[in-house]
There are 2 protein chains.
Amino acid sequence: MTEPSRREQILATAADLFAARGFHGVSVADLGAACGISGPALYKHFASKQAVLAEMLTSISERLLEVGRERVARADGDPAAALRGLVDWHVEFALGHRPLIIVQDRDWESLPEDAREQVRRLQRAYVGLWADQLRALSPGLDRPSARAAAQAAFGLLNSTPRAGHAIPDSALRELLSAMALGALGVAPAELQR
Amino acid sequence: MTEPSRREQILATAADLFAARGFHGVSVADLGAACGISGPALYKHFASKQAVLAEMLTSISERLLEVGRERVARADGDPAAALRGLVDWHVEFALGHRPLIIVQDRDWESLPEDAREQVRRLQRAYVGLWADQLRALSPGLDRPSARAAAQAAFGLLNSTPRAGHAIPDSALRELLSAMALGALGVAPAELQR
DNA sequence: ACATCAGGTTAACGATCATTAACCTGATGC
DNA sequence: GCATCAGGTTAATGATCGTTAACCTGATGT
């Protein structure tokens, strides 16, 4: 009972295909074929093509926020530690799920209205999580600037899935972490307490 | 003779529409209507819908590279100064042409094959421009990592056009410059020589 | 006066696509 | 043994879209 396999297979292959060719560049026939079934069989698992995208994007936004909150809690009041945790988590997720990251910020606007609203809410909360820590770190920072800074950091971290895989993931992970922390004005690694 | 007005109007409105709804989300009828003409009249100015996108993207890639080279030359051997010049230029362009930036990294793959190749070449050269300066600044840095760092910086700088305009452009400009320089490990403003 | 032509127009064509309809089939509970 | 039903199939439908065709019109150079 633990394997609604088809459904998950569809979500996974859809992520790959959407990432490679864009939401509008993939037909339901393409998507079906890539799953070994064909065309309209998808409608036995999802209400529409948009529903596939909607489930994909809401679930990753939820997960990003959920684990993000966990990392902040784990830092227990130290904003620099919280930001290091947030950066680590975001890098880990982005490198582990490159297609999802690509789809998330490319095909966002192809969502149906209600799902778009839901994703926007989740993303706003995630931005707020980062912005709060940034403001705790530098007291002079106003909220809009802190939010803008958080979004710029996401841009940095989300950009690399698109790029070539010319360097190994472990090196990329450290490069991105260091750059993000540098951008945010947080001192990088120190003592693991 | 200095005003091929319609053509430029089409390119400008196409940039806005493509940025808002994506290349596939805009029909030629939409685009024509937004220009005050309608539908197939576009084909008097462009060979195809893809050709509009192609001209848009190649011209901005060319301009980005051209001025980038100029800024590097102006720094005359000082890599930190060159990077400050590159960051300034990129921020200026990104904030001045937000729709173009959005289209450039969202609808890249909708280009016809030859234009895609041309844009890729121009972007590779632009990345190389940044990577060279980064390597001149920190001698231990290998080329692939330098290129990855440059692309991450673009991600940071290109992300903000998408975001809300909650803070004034002048503040955003300074925030982005500071973050980009921080990410790249370049000391921010000093003496204007 | 007139041929040319740039820059419009509307109508028609041919693809492509998401979605629905109608039908099949094998397992499963009773 | 049999009704149910999940999960497939192919065929049909209706819309949208890029592109082409055929036609119109006003300015312009000669």
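The structure presented is a predicted model; accordingly, all values stated were derived computationally and were not measured. Throughout, a chain's letter reflects where its sequence line sits, starting with A, and its residues are numbered from 1. These values consider heavy atoms only, across backbone and side chains, with no hydrogens, waters or symmetry-generated copies.
The residue among F23(B) and G36(A) whose nearest nucleotide of DNA chain D is located toward the 5' end is G36(A). Summary of the strand contacts: A29(A) and I37(B) both lie near DNA chain C, and taking for each the nucleotide with the nearest heavy atom, the more 5' one is attributed to I37(B).
You'll find the side chain of Q123(B) reaches within 4.5 Å of the side chain of W108(B), heavy atoms only. The side-chain heavy atoms of Q151(A) and W130(A), taken from C-beta on, include no pair separated by under 4.5 Å.
Near DNA chain D, meaning a heavy atom under 4.0 Å from it, residues 39-54 of chain A has P40(A), A41(A), K44(A), H45(A) in order of number.
At whole-Å resolution of the value, CG in L31(B) and P in dG8(C) are 13 Å apart.
Under the 3.5 Å distance criterion, with hydrogens and angles disregarded, a donor-acceptor pair is assigned to the side chains of S61(A) and Q104(A). When only modelled atom types and interatomic distance are considered, D16(A) and T13(A) share no side-chain donor-acceptor pair under 3.5 Å.
When the side-chain nitrogen and oxygen atoms of R6(A) are compared with OP1 and OP2 of dG8(D), one or more of them lie within a distance under 4.0 Å. Checking the phosphate oxygens (OP1, OP2) of dG7(D), no side-chain nitrogen or oxygen of R7(A) falls inside 4.0 Å.
Comment: E70(B) engages R74(B) in a salt bridge, judged by a side-chain N to carboxylate O separation of less than 4.0 angstrom.
A single hydrophobic cluster is seen to contain both V91(A) and F154(A), as judged by linkage of ILVMFWY side chains at heavy-atom distances under 4.5 Å, directly or through other members.
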